[in-house]
Amino acid sequence: MKSLIVAATLVVGVAAAGIAQASEDLAKSSGCTTCHAMDTKKMGPAFKEIAKKYKGNAAAEGKLVEALSKAQGHPAVKASPDDIKKLVKWNLSL
Ligand code: HEC
């Protein structure tokens, strides 16, 4: 029984890591990492800084998706609307 719980926890952990990796790859392929890094400021703030800034702000996701989609207060990005949603969700979950 115990090993079953350990196994289940492992599977969940690996799946979560897989999603995080996929999103990082998406950020790279969408050009976000030209201006953003995970931990350090480049042209734009670090993804982890952005997550900290908006922690607990329920309106952040909608606001950021809109800013990125319409290039308002943010440089234009080439990601699709779907990808922008995914990337903002991922960013805020960091
Ligand atoms: C040409 C450079 C550039 C690219 C490419 C870029 N960003 Fe940014 N980003 C910036 C700058 C500069 C800021 C800071 C602007 C500000 O303070 O509002 C920023 C801010 C942000 C913010 C925080 C906005 C806020 O209101 O605090 C998010 C979220 C973000 N970027 C996500 C992304 C994502 C996701 C991508 C890829 C689809 C991306 N960025 C691509 C330059 C860029």
Side-chain angles (χ1 to χ4, degrees):
M1 188 60 196
K2 196 168 175 204
S3 64
L4 197 66
I5 292 170
V6 171
T9 310
L10 267 177
V11 168
V12 171
V14 168
I19 291 167
Q21 186 57 50
S23 302
E24 251 188 276
D25 289 347
L26 183 62
K28 207 176 278 174
S29 63
S30 304
C32 315
T33 50
T34 312
C35 302
H36 294 280
M38 290 303 285
D39 297 295
T40 51
K41 185 172 169 22
K42 286 172 92 175
M43 179 131 72
F47 281 130
K48 287 191 178 160
E49 278 304 310
I50 297 171
K52 218 192 275 172
K53 175 177 164 188
Y54 289 106
K55 203 173 168 60
N57 181 344
E61 188 177 326
K63 175 183 143 42
L64 292 175
V65 167
E66 179 148 327
L68 286 163
S69 309
K70 298 189 179 161
Q72 279 174 353
H74 189 276
V77 294
K78 63 178 175 140
S80 71
D82 241 24
D83 284 351
I84 288 177
K85 259 186 224 150
K86 268 189 227 155
L87 287 164
V88 167
K89 240 190 220 306
W90 162 74
N91 187 358
L92 294 175
S93 76
L94 293 173

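Because only heavy atoms are used, hydrogens play no part in the values below, and waters and symmetry mates are left out as well, while side chains stay in. Not measured: the values here are computed from a predicted model. Whatever order the structure lists ligands and atoms in, that order sets their numbers, starting from 1.
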> Checking side chain to side chain contact (heavy atoms under 4.5 Å, CB included) for the pair W90/E24: CA distance, chi angles, key distance, verdict?
Replying inline: CA-CA 9 Å; W90 162 74; E24 251 188 276; 3.7 Å; yes
Considering only the protein, which heavy-atom contact is closest to [atom], and what is its distance?
{"atom": "atom 11 (C) of ligand 1", "value": "G44 CA, 3.6 Å"}
{"atom": "atom 15 (C) of ligand 1", "value": "G73 O, 4.0 Å"}
{"atom": "atom 24 (C) of ligand 1", "value": "L64 CD2, 3.6 Å"}
{"atom": "atom 13 (C) of ligand 1", "value": "P45 CD, 3.6 Å"}

> With a 4.0 Å heavy-atom cut-off (strictly under), which part of L68 contacts ligand 1: side chain, backbone, both or neither?
Replying inline: side chain
> Is it the side chain (CB and beyond), the backbone, both or neither of K53 that lies under 4.0 Å from ligand 1, heavy atoms counted?
Replying inline: side chain
To the nearest 0.5 angstrom, please state how far the [atom1] atom of [X] sits from the [atom2] atom of [Y].
{"X": "T34", "Y": "K28", "atom1": "OG1", "atom2": "NZ", "answer": "11.0 Å"}
{"X": "L64", "Y": "K89", "atom1": "CG", "atom2": "NZ", "answer": "12.5 Å"}
{"X": "L68", "Y": "I84", "atom1": "CG", "atom2": "CD1", "answer": "5.5 Å"}
{"X": "L92", "Y": "K55", "atom1": "CG", "atom2": "NZ", "answer": "10.5 Å"}
{"X": "C32", "Y": "N91", "atom1": "SG", "atom2": "CG", "answer": "9.0 Å"}

Numbering the atoms of ligand 1 from 1, which are under 4.0 Å from a heavy atom of [X]?
{"X": "N91", "result": "29 (C)"}
{"X": "Y54", "result": "25 (C), 26 (O), 27 (O)"}
{"X": "G31", "result": "5 (C)"}

Yes or no: does [X] have any heavy atom under 4.0 Å from an atom of ligand 1?
{"X": "T34", "answer": "no"}
{"X": "I50", "answer": "yes"}
{"X": "A67", "answer": "no"}

>> For S23 versus L87, what's the shortest heavy-atom pair and its separation?
In response: O-CD2, 3.8 Å
>> Using every non-hydrogen atom in the two residues, find where A27 and F47 come nearest and quote the distance to one decimal.
In response: CB-CE1, 4.4 Å
Tell me the nearest of [options] to [atom], using heavy-atom distances.
{"atom": "atom 10 (C) of ligand 1", "options": "M43, H36, E61", "value": "H36"}
{"atom": "atom 42 (C) of ligand 1", "options": "C32, S29, P75, A71", "value": "P75"}
{"atom": "atom 20 (C) of ligand 1", "options": "H74, K85, K63", "value": "H74"}
{"atom": "atom 4 (C) of ligand 1", "options": "C35, S80, A60, S69", "value": "C35"}
{"atom": "atom 41 (C) of ligand 1", "options": "I84, L26, V77", "value": "V77"}

>> Quick check on atom 17 (O) of ligand 1 - does any protein heavy atom sit closer than 4.0 Å to it?
In response: no
>> For ligand 1, which is the ligand I care about here, please tell me if S30 has any N or O atom under 3.5 Å from one of the ligand's N or O atoms.
In response: no
> So H74 and H36, would you call those rings parallel, tilted or perpendicular, with 30° and 60° as cut-offs?
Replying inline: parallel
> Do other residues, nucleotides or ligands put more than 12 heavy atoms under 6.0 Å from K42 NZ?
Replying inline: yes
> For atom NZ of K41, is the number of surrounding heavy atoms from other residues, nucleotides or ligands below 6.0 Å larger than 12?
Replying inline: yes
> Do NZ/NE/NH1/NH2 and the carboxylate oxygens of E66 and K63 come within less than 4.0 Å?
Replying inline: no
